[in-house]
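So the structure is just underneath, and the comments pick up after that.
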Amino acid sequence: MAYDDQNIFAKILRGEIPNDTVYEDEYVLAFKDIFPQAPVHVLVIPKGAYISLDDFSANASDVEISAFFRAVGSIARDLGLVDSGYRILANHGANGGQEVPHFHVHIAGGRRLGRMIQPG
Ligand code: AMP
């Protein structure tokens with residue numbers, strides 16, 4: 001499967017559509033989810049063109065991977081979520097329910113999030 005450069009996060013990275021940025025560096029962009037599922041719901045994406053965690057973990061450089069996961073922790077810290085707690089989640093493919101084919105991690109918090117996986 002090839003990376004689709006018309007996906008919505010690719011358009012955000014190119015500045016073609018707006019986003020509510022909470023963090024940006026050389027490797028990473030983080031912005032508020034447009035349909036928040038919790039009081040705090042942020043998406044963290046690599047700037048590189050990776051389809052999902054499968055692609056990112058197999059093909060991204062060590063620098064990209066470390067920058068990404070350091071950013072996830074740092075963003076959660078900056079959002080004030082460490083003491084109250086938070087969840088990170090990444091969907092891959094159909095069974096994971098992935099809608100946007102550009103790797104992203106959800107950071108959710110601000111309330112009790114309940115069961116990790118709802119019964120199907
Ligand atoms: P996933 O199901 O893991 O692929 O999640 C995709 C997420 O992207 C969903 O939570 C959407 O609400 C979110 N989303 C879609 N379009 C946008 C957008 N333009 N700006 C911010 N979040 C978006």
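The basis for the numbers below is simple: all heavy atoms, side chains too, and nothing from hydrogens, waters or symmetry mates. Ligands are counted one by one from 1 in listed order, and the atoms in each one are counted from 1 as well.
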Which atoms from ligand 1 have a heavy atom of [X] less than 4.0 Å away?
X      : result
Val100 : 4 (O), 6 (C)
Gln98  : 4 (O)
Phe31  : 21 (C)
Phe35  : 12 (O)
Lys32  : 21 (C)
His106 : 1 (P), 3 (O), 5 (O), 7 (C), 10 (O)

Could you tell me whether the side chain of [X] and the main chain of [Y] form a donor-acceptor pair under 3.5 Å?
X     : Y     : result
Glu99 : Gly97 : no
Lys32 : Leu43 : no
Glu24 : Phe31 : no

Answer with side chain, backbone, both or neither: which part of [X] has a heavy atom less than 4.0 angstrom from an atom of ligand 1?
X      : result
His104 : side chain
Phe9   : side chain
Leu43  : side chain

Any N/O pair Glu99/ligand 1 closer than 3.5 Å: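 Yes, since at least one N or O of Glu99 sits under 3.5 Å from an N or O of ligand 1.
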Gly97 N/O to ligand 1 N/O under 3.5 Å: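 N/O-N/O distance under 3.5 Å: yes.
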Matching residue for His106 among Val44, Asp33, Ile88 - test: side-chain contact (heavy atoms from CB on, under 4.5 Å):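 Only match with His106 under side-chain contact (heavy atoms from CB on, under 4.5 Å): Asp33.
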Taking atom 13 (C) of ligand 1 as the reference point, the nearest protein heavy atom with its distance: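 Of every protein heavy atom, Asp33 OD2, 3.3 Å lies nearest to atom 13 (C) of ligand 1.
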Distance-only donor-acceptor pairs under 3.5 Å for side chains of residues 59-66, two or more places apart:
unit_1: Asn59; atom_1: ND2; unit_2: Asp55; atom_2: O; d: 3.4
unit_1: Asn59; atom_1: ND2; unit_2: Asp55; atom_2: OD1; d: 2.7
unit_1: Ser61; atom_1: OG; unit_2: Glu64; atom_2: N; d: 3.1
unit_1: Ser61; atom_1: OG; unit_2: Glu64; atom_2: OE1; d: 3.3
unit_1: Glu64; atom_1: OE1; unit_2: Tyr50; atom_2: OH; d: 2.7
unit_1: Glu64; atom_1: OE1; unit_2: Ser61; atom_2: N; d: 2.8
unit_1: Glu64; atom_1: OE2; unit_2: Tyr50; atom_2: OH; d: 3.1
unit_1: Ser66; atom_1: OG; unit_2: Asp62; atom_2: O; d: 3.1
unit_1: Ser66; atom_1: OG; unit_2: Val63; atom_2: O; d: 3.3

Residues 2-14 side chain polar contacts: donor-acceptor under 3.5 Å, at least two apart:
unit_1: Tyr3; atom_1: OH; unit_2: Asn7; atom_2: ND2; d: 3.1
unit_1: Tyr3; atom_1: OH; unit_2: His102; atom_2: ND1; d: 2.6
unit_1: Asp4; atom_1: OD1; unit_2: Gln6; atom_2: N; d: 2.8
unit_1: Asn7; atom_1: OD1; unit_2: Phe9; atom_2: N; d: 2.9
unit_1: Asn7; atom_1: OD1; unit_2: Ala10; atom_2: N; d: 3.0
unit_1: Asn7; atom_1: ND2; unit_2: Asp4; atom_2: O; d: 2.7
unit_1: Arg14; atom_1: NE; unit_2: Glu16; atom_2: OE2; d: 2.7
unit_1: Arg14; atom_1: NH1; unit_2: Asp5; atom_2: O; d: 2.9
unit_1: Arg14; atom_1: NH2; unit_2: Asp5; atom_2: O; d: 2.8
unit_1: Arg14; atom_1: NH2; unit_2: Glu16; atom_2: OE1; d: 3.4

Between Asn19 and Thr21, a side-chain donor and acceptor under 3.5 Å: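 A donor-acceptor contact under 3.5 Å links the two side chains.
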From CA spacing to verdict: side-chain contact (heavy atoms from CB on, under 4.5 Å), Val72, Ile107: CA-CA 8 Å; Val72 171; Ile107 302 176; 4.1 Å; yes
Gap separating the CG atom of Leu89 from the CD atom of Gln37, nearest 0.5 angstrom: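 Rounded to the nearest 0.5 Å, the CG-CD separation comes out at 10.5 Å.
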Heavy-atom proximity to atom 21 (C) of ligand 1, best of Asn91, Val105, Ile34: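 Looking at heavy atoms only, Ile34 sits closest to atom 21 (C) of ligand 1.
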